[in-house]
Amino acid sequence: MSTRPLAKPRSARPNPTAASPESAAATQVLRQFRSVFNAVKSHFQQVEKRAGIGGAQVWALSTIQAQPGIGMTGLATAMDIHQTTASNLVKALFKLELVRVEKNAPDKRAVQLFVQPKARGVLTKVPGPFSGVLPSALAALDAPTLLRLEADLARLLVVLQADDKAAKTPLATL
């Protein structure tokens, strides 16, 4: 009689190369995230190559052009970014002589922003959309799809223990 342990039947052995439906789905979703990130990255690389400034700067510039006299708070709200981030974008655009900053209000801290003529030339070089391809693509989705996506991404963010501060950072700067 043999003292070797009985071998498991072949069908009961786990196959390390066979993917479970969950891991196959996770792999597919990971690939989709990679495709999304690549599309965003490619767009912003094209923007920077053609315009000579970053994607977030282009978005800020286009927002200022569309709303002459907009203030810093208005710009931050329009771009859904932190006010400090908006201020930093404006400082960079001011140094490049693309925007003019005026203090016309009684409160000298409040500013109004205007594009300089040089900015119009920069914006004509940029492949649209100015806000980026992801916001544009999301805007094209129907409401039920957006609600499902929002709920599912919220669950993913909980699992990731993601920092909420990143939510107010433009994708072009990541």
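Between V111 and K103 the shortest side-chain heavy-atom distance falls below 4.5 Å. In this structure, the side chains of L61 and L89 stay at 4.5 Å or more apart for every pair of heavy atoms.
Scored by the side chain to side chain donor-acceptor pair (under 3.5 Å) test, D152 finds no partners at all (sequence neighbours excluded). With sequence neighbours excluded, the residues satisfying side chain to side chain contact (heavy atoms under 4.5 Å, CB included) with A162 are L157, L160. Every side chain to side chain contact (heavy atoms under 4.5 Å, CB included) that D80 has, sequence neighbours left out, goes to K168. With sequence neighbours excluded, the residues that form a side chain to side chain contact (heavy atoms under 4.5 Å, CB included) with Q32 are Q28, V29. L147 meets the side chain to side chain contact (heavy atoms under 4.5 Å, CB included) test with E150; sequence neighbours excluded. Partners of T27 according to the side chain to side chain donor-acceptor pair (under 3.5 Å) rule, which considers only residues two or more places apart in sequence or in another chain, do not exist here.
Nearest heavy-atom pair, F130 versus W59, reported as atom, atom and distance to 0.1 Å: O-CB, 3.5 Å.
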Test log, rule side-chain contact (heavy atoms from CB on, under 4.5 Å), inputs V115 and Q65:
CA-CA 6 Å; V115 294; Q65 181 181 32; 3.8 Å; yes
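Judged as a side-chain hydrogen bond (donor to acceptor under 3.5 Å, both in side chains), not a single pair has a partner in residues 115-130 (not counting sequence neighbours). Residue pairs meeting the salt bridge (charged side-chain N to carboxylate O under 4.0 Å, His left out) criterion with at least one partner in residues 66-77, sequence neighbours excluded, do not occur; the list is empty.
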Using atom types as modelled, flag every donor-acceptor pair under 3.5 Å from a side chain in residues 35-45 to any protein atom, sequence neighbours excluded.
residue : atom : partner : partner atom : Å
S35     : OG   : R31     : O            : 3.2
S42     : OG   : N38     : O            : 2.9
H43     : NE2  : P129    : O            : 3.2

Anything under 3.5 Å between a donor and an acceptor, one on a side chain of residues 133-144, the other on a protein residue two or more places apart or in another chain? List them.
residue : atom : partner : partner atom : Å
D142    : OD1  : T145    : N            : 3.0
D142    : OD1  : T145    : OG1          : 3.0
D142    : OD2  : T145    : OG1          : 3.0

Throw together a table of side-chain donor-acceptor distances under 3.5 angstrom for residues 68-78, partners on residues two or more places apart or in other chains.
residue : atom : partner : partner atom : Å
T73     : OG1  : Q83     : NE2          : 3.1
T77     : OG1  : T73     : O            : 2.9

I'd like a table of donor-acceptor pairs (distance under 3.5 Å, sequence neighbours excluded) in which one partner is a side-chain atom from residues 93-101, with atom names and distances.
residue : atom : partner : partner atom : Å
R100    : NE   : E102    : OE2          : 2.7
R100    : NH2  : E102    : OE2          : 3.0

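Rounding to the nearest 0.5 angstrom, the gap separating the CZ atom in F114 from the CD1 atom in I64 is 10.5 Å.
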